[in-house]
Amino acid sequence: MVTRPTAPPPPPPPLSPEAFNAAYPPAPGSAPKLDADALLTGLNDRQREAVTLPPGPALVLAGPGSGKTRVLTHRVAWLVGVERVPTWQVMAVTFTNKAAREMRARLDTLLGGHAMDRLSIGTFHATCARLLRVEASGADILDFDGRFIIFDSDDQIRTVKRVVRELDLDDKQYRPRAILGAISAAKNEMIRPREYNPPTYWHEVAGRVYERYQALLRLSNALDFDDLLLETATLLRDVPAVRDKYRARWQHVLVDEFQDTNSVQYQMVHGLASAEIADAPHNLFVVGDEDQSIYRWRGADYRNIQRFRRDFPAARTVLLEQNYRSTQTILDAAQAVIAGNANRTPKELWTDSKGGAGITLFEAYDEGEEAAYVVRRIEQMNTRGREYGDFAVMYRTNAQSRAIEDALVRRRIPYQLVGATRFYDRREVRDALAFLRLAHNPLDEMSFLRVLNVPTRGIGPKALSYVQAVSDEFNVPLWSALQLLVDDEVERDLPGLGPVDNRSRNALTTFHTIIDGLLFARDTLEPSALLGRALDTSGYANWLRDGSEEGEERWENLLELRGVAEDFGALPPREALSAMLESVALVADVDGIAEGEDGAQQGERVTLLTLHSAKGLEYKVVFITGLEEDTLPHSRSANDPEALEEERRLLYVGITRAEEKLHLVHAFRRSLFGTTEVRQPSRFLTELPPEVLTPSAARTTRSRSKESSPRTEETQWRKAPTRAGAAAGRTQFHAGDKVRHASFGEGIVVTSAERDGDEEVTVAFVKGGIKKLLQSFAKLEPRG
DNA sequence: CTAATCCAGGTTTTT
DNA sequence: CCTGGATTAG
């Protein structure tokens, strides 16, 4: 593929205006020259067109499985290897670390491992963080300095809570989550506290919180996720020197998943590419798919694709419709579903792989049976030669994973859970990181307060109030206040508090000693050792490992964290520490961390994940579970047509993950927060054309679409439960009977379910409506 | 100050 | 169901 000439390549024609090359002479870090034909082999016509587009704005509309990442990476390779653009002039942004890593890896292969270090490839957030660290040091345009820390969602919510309490607000009426949402929304619109124009009284209050929240952030020299974007976009908009510098530097900007950009991200990209500098072409290459826009709730707007067309009328558009992933059957199903959305530009996906297995639709009795079904199918296919790694089980909400996990554990099938209680959200991990953050910067109040009394060392509200009082009195951070206290450099009688009692004093000294020790060690110990020291001297390790199973589990998480820390061992300690903390703050997914306890590799495990985290992935066999009203579409989306369209896109994303076989599963009833409810099948199911389904599944949807007719279907069980009915004393069944699962209208409801390999049967009579009926369900013991 | 216990509330998706 | 907050007993 990649050929390296033996003779030095002839000087390439400069892609960018000479003026730029003169002003910014190419730095070391140009890529090897690539052979254009070799680079393009294996690409289809459309892909080739996209990869070789002339400079200028470009929009690639890429359907699922159409080789989007391939196009992006080849485009970069084309630019640096064929067009001879210096690598440092290229910036590619993605949304996830995973995508960035993958791009990097693929480019590494394409470019033969050279010249990678000068390419800017990263997530929006990471890219912004890097830029801000540079720009905030020195210039005092910004109200924070380059050593800022990054607040994650937990820090954010704690801060908002603190402000809500401070302002004496009712946290029921002003729920911290909601307020944080409002703040985030404002930031996404680039609205600062002072410019905030509240539409309602509630928002006015939220605005007050916003102001104080922001002040607290800056007090800790902290930025939240939204700030990273906002401050960068503002800088590029308002400071010509900075803007021009980066425009000149990044002459080629490539954006992945453009449909998921929010307004700030759009402006940032737009700002970088605008042509206010004479002769600068807008070399902005964006790739996206409106149909896969699933982050509306955090400000993403697929209409940015339309906006792009409007703002860059000269943009060339390339449509990628050939799919290399799924069977035609699966594509047909996907298109039928997405066709239900009104606001979209139609695309016609096609593939060379005609036909394919029908899509199975299964109605389970409840989530337990749903899980049993999935697991049974996996086992069946596994014995027929499928690897566990070929399977993925997807769901709308993380809570749904529990039942599936249970079933997998019982059958001893190795699995991998993506996301869920994220590794870095675990309490012990956050505690441990708080120690490291304090070692990095003891003024970090969030971390200070977090571990001040963890493990408990006798510092309660009383002791804290001394520190707080000193902090207020002398207007210094908590850490400095603590220092003053333990060094006995403040008046013994604090205003309104009286003398500091000895117990508090001792406890505070203990804490001070711990952190001081870390500060002392941070320049010599590498992060993993520093972490070990922190856990030892703080007593955290002992406290955690109290002999309980839970304690050991948590301890293992800390060992994993230690493993993460070891990756930074090569750098000088001080640098390694900040690199590690930065990386950890911007990591969202757990991949690479959750290697199996049972020794199974990733490829040998069933993957469990939400539909959201499934984007960009593919599996041979996909199960989409919980296809019910109020789950998919989710109840929160019920009243909002826009939100409903997003739910449909979510299902579309899920369906198009499947390469060969798709199972759609829904349950007749499902328990949620303790109570059980009857579920209606998802409206999206009725949008599936019967011919994409397996015959029996097609029959089911058809009978279901006739509204008032009874909903019946034969169960999947071969053996009827033995005289289970008799045990109920209501009706009788015999071995060999065909058990029916009749939900409505027949006077009797019978369902079977599997539990621990045994079948469980439920029988009831219809009396007083379905709700009553379900309450009166009798649970029966199976008999041998 | 800590630990145990009770209670109410909130439960979508994630950089 | 699970968490986090509040309350209470020690």
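Naming convention: chains lettered A, B, ... in sequence-line order (proteins, then strands); numbering from 1 in each chain.
Note on A:Phe225: a base of the nucleic acid sits closer than 4.0 angstrom, heavy atoms only. If you check every strand for non-hydrogen atoms under 4.0 Å, A:Lys615 touches nothing. Using a 4.0 Å heavy-atom distance criterion, A:Phe124 is classed as making no nucleic acid contact. Within 4.0 Å of A:Arg296, counting heavy atoms only, lies no atom of the nucleic acid at all.
Positionally, the nearest nucleotide of DNA chain B for A:Arg175 lies more toward the 5' end than for the other of A:Glu646 and A:Arg175. In terms of position along DNA chain B, the nucleotide closest to A:Leu672 lies nearer the 5' end than the nucleotide closest to the other residue of the pair A:Leu672 and A:Leu229.
For C:dG5, one of the phosphate oxygens OP1 or OP2 lies less than 4.0 angstrom from a side-chain nitrogen or oxygen of A:Lys161. Taking 4.0 angstrom as the limit, A:Arg402 places a side-chain polar atom (N or O) nearer than this to OP1 or OP2 of C:dC2. Side-chain nitrogen and oxygen atoms of A:Thr610 include at least one within less than 4.0 Å of the OP1 or OP2 phosphate oxygen of B:dT14.
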- Message: Return a single string for nucleotides 1-8 of chain B, one symbol per nucleotide in 5' to 3' order, where B is base contact, S is sugar-phosphate-only contact and - is none, cutoff 4.0 angstrom on heavy atoms.
- Response: SSS-----
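Closest non-hydrogen pair, A:Cys128 versus A:Met268, comes out as SG-SD, 3.5 Å.
One interatomic measurement links the two molecules: CG of A:Asn398 to C1' of C:dC2, which rounds to 14 Å at whole-angstrom precision. Taking atom CZ of residue A:Arg636 and atom P of nucleotide B:dG10, one finds them 11 Å apart after rounding to whole Å. Taking atom OH on A:Tyr302 and atom P on B:dT13, their separation rounds to 23 Å, with Å as the unit. Atom CG in A:Asp154 sits about 12 Å away from atom C1' in C:dG4, given to the nearest Å. For the pair A:Arg298 CZ and B:dT14 C1', the computed distance is 5 Å after rounding to whole Å. Residue A:Arg427 contributes atom CZ, which lies 15 Å from atom P of C:dC2 at whole-angstrom precision. As a whole-Å value, the separation of A:Arg177 CZ from C:dG4 C1' is 12 Å. Across the protein-nucleic acid pair, A:Leu180 atom CG and B:dT13 atom P stand 16 Å apart, rounded to whole Å.
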- Could you go through the ring-ring contact (aromatic ring centres under 6.0 Å, His included) check for A:Phe511 and A:Phe448 one step at a time? CA-CA 10 Å; A:Phe511 181 70; A:Phe448 185 96; 5.5 Å; yes
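Ion pair A:Asp155/A:Arg450 not flagged as a salt bridge, since none of the NZ, NE, NH1 or NH2 atoms sits closer than 4.0 Å to an Asp/Glu carboxylate oxygen. A:Lys187 and A:Asp227 are joined by a salt bridge, as a carboxylate oxygen and a charged side-chain nitrogen come within less than 4.0 angstrom of each other. Using a cutoff of 4.0 Å between basic side-chain nitrogens and carboxylate oxygens, A:Arg296 and A:Glu645 are not scored as salt-bridged. A salt bridge links A:Arg192 with A:Glu231: the closest approach of a Lys/Arg side-chain nitrogen to an acidic carboxylate oxygen falls below 4.0 angstrom.
In the model, A:Gln292 has no side-chain atom that pairs as donor or acceptor with a side-chain atom of A:Glu290 under 3.5 Å. A:Asn304 and A:Arg307 share a side-chain donor-acceptor pair at under 3.5 Å.
The side-chain ring of A:Trp297 is stacked on the base of B:dT13, judged by centre separation under 5.5 angstrom and plane angle under 30 degrees.
For C:dG4 and B:dT13, the C1' atoms lie 22 Å apart once the distance is rounded to whole Å.
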